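Just so it is clear, the structure is predicted and the values come from calculations on it, not from any experiment.
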Amino acid sequence: MSVRNVNSELKKILDVVNICKEIKGRKKFQKIIYILKNLGVDFPEKFTYHYYGPYSQDLQLELDELVELRYLNEELERKSYKYTINYNEIVDDKIDTQIMEKEKVINYLNSLDAQTLELIATLFYLHNDGLRGEKYLKNKTKILKPHLKSKLDKAFEEFNKLLDKKF
């Protein structure tokens, strides 16, 4: 993908959308990038913990910039934003190597619902904060996300698969 006036960090974001074809939801977009960052993709955005889990104001500003530059389409669809590539502004070229290596993971993450991604991202955040062990990670996650506890076991399985690089 060849784009004008876009640095390599912004291009990586576009590459993720290019692989997915579309990403539905800002929360989902945030969680996909955060999880990819935890899987070794070199995203420079800093994330802090918010109500919906790890969040990057930098990433949201970059998404806004990509929309303003017309490289990304942002459409409001049923109270949620959908992101797609604006192919009128972009010429297909090479996708970043790090992103291409994670193509299967990226598509898998995009297939998950936003709440499961929120739990997985929260588990990564707690893990990065030094919390270890299934019991401790699940207990802390239940405290932070009591409304999502019915999805926690599945999310924990997915977190472990991702952590063990079983993709």
Side-chain angles (χ1 to χ4, degrees), residues 1 3 6 9-90 95-96 98-100 102-128 141-142 144-163 167:
M1 168 177 347
V3 293
V6 173
E9 285 80 21
L10 291 178
K11 185 177 175 314
K12 282 182 186 177
I13 294 168
L14 290 171
D15 288 343
V16 170
V17 180
N18 196 27
I19 285 173
C20 292
K21 305 302 179 224
E22 70 178 27
I23 296 176
K24 291 184 179 180
R26 288 178 174 171
K27 181 168 73 168
K28 189 172 191 173
F29 209 133
Q30 289 272 340
K31 302 319 170 225
I32 288 171
I33 299 300
Y34 180 75
I35 293 167
L36 289 172
K37 181 174 178 148
N38 278 273
L39 297 177
V41 178
D42 187 26
F43 284 107
E45 293 81 8
K46 291 186 181 0
F47 285 80
T48 56
Y49 194 83
H50 285 263
Y51 178 76
Y52 292 112
Y55 171 82
S56 172
Q57 185 176 0
D58 296 335
L59 177 57
Q60 188 54 55
L61 291 172
E62 290 166 345
L63 290 173
D64 293 343
E65 180 180 352
L66 289 168
V67 168
E68 189 176 309
L69 290 169
R70 298 181 41 172
Y71 295 134
L72 272 184
N73 298 316
E74 179 185 64
E75 299 172 51
L76 187 58
E77 189 176 274
R78 296 187 195 139
K79 298 182 183 180
S80 184
Y81 287 94
K82 178 177 85 171
Y83 293 92
T84 56
I85 296 289
N86 184 355
Y87 289 104
N88 294 329
E89 297 293 325
I90 296 174
I95 291 178
D96 179 87
Q98 275 191 322
I99 301 297
M100 202 62 213
K102 300 287 187 205
E103 180 179 16
K104 185 177 176 184
V105 174
I106 290 167
N107 282 315
Y108 179 70
L109 292 172
N110 195 40
S111 75
L112 296 173
D113 64 273
Q115 291 180 328
T116 300
L117 286 172
E118 181 180 340
L119 285 166
I120 293 169
T122 298
L123 288 163
F124 268 108
Y125 191 87
L126 294 171
H127 184 266
N128 292 341
T141 304
K142 284 178 188 174
L144 294 170
K145 308 281 177 196
H147 59 292
L148 299 178
K149 66 182 176 186
S150 66
K151 294 183 175 222
L152 183 56
D153 288 335
K154 179 185 180 341
F156 192 78
E157 282 179 37
E158 302 307 326
F159 164 73
N160 277 322
K161 276 195 254 180
L162 292 163
L163 194 61
F167 268 92

Sequence neighbours excluded, which residues qualify as ring-ring contact (aromatic ring centres under 6.0 Å, His included) partners of [X]?
X: Y125; answer: Y49
X: F156; answer: F159
X: F43; answer: none

inquiry  = Using modelled atom types and a 3.5 Å cut-off, is there a donor and acceptor pairing between side-chain atoms of K145 and backbone atoms of Y51?
reply    =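 Here the side-chain-to-backbone pair exists.
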
ask   = Hey, does the side chain of Q98 reach the backbone of D42 with a donor-acceptor pair shorter than 3.5 angstrom?
value =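 Yes: the side chain of Q98 pairs with the backbone of D42.
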
query = How long is the gap from CD1 on I19 to CG on L109, to the nearest 0.5 Å?
reply =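 It is 11.5 Å, given to the nearest 0.5 Å.
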
request  = Find the distance between CG (L66) and CG (N86) and round it off to the nearest 0.5 Å.
outcome  =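 Between L66 CG and N86 CG, I get 11.5 Å after rounding to 0.5 Å.
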
query = Is there any ring pair (Phe, Tyr, Trp, His ring centres under 6.0 Å) pair reaching into residues 9-36, and which pairs are they, with sequence neighbours excluded?
reply =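 Passing the test, one end in residues 9-36: F29-Y83, Y34-F47.
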
task = Taking salt bridge (Lys or Arg N to Asp or Glu O under 4.0 Å) as the test, write out the residues that go with K154, two or more places apart.
result =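 Once residues adjacent in sequence are excluded, the partners of K154 under the salt bridge (Lys or Arg N to Asp or Glu O under 4.0 Å) criterion are E158.
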
query = Considering residues at least two apart in sequence or located in another chain, which fulfil the salt bridge (Lys or Arg N to Asp or Glu O under 4.0 Å) criterion with K24?
reply =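 With neighbours one apart ignored, the set is E22, E77.
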
message = Within a 6.0 Å radius of atom CD on Q57, are there more than 12 heavy atoms belonging to other residues, nucleotides or ligands?
response =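 Count not over threshold, so no.
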
message = For a quick test of reading the model, state the closest non-hydrogen atom pair linking T122 to G53 and the distance between them.
response =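 Here T122 and G53 meet closest at OG1-CA, 3.9 Å.
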
Distance-minimising heavy-atom pair for E9 and P44 =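 Between these two residues, the closest heavy atoms are CG-CG, 3.1 Å.
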
query = Which is it for E74 and R26 under the salt bridge (charged side-chain N to carboxylate O under 4.0 Å, His left out) test, yes or no, and what are the steps along the way?
reply = CA-CA 10 Å; E74 179 185 64; R26 288 178 174 171; 3.1 Å; yes

inquiry  = I'd like to check I13 versus E45 (side-chain heavy atoms, cut-off strictly below 4.5 Å). Are they in contact?
reply    =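 Side chain of I13 against side chain of E45, heavy atoms only: contact under 4.5 Å found.
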
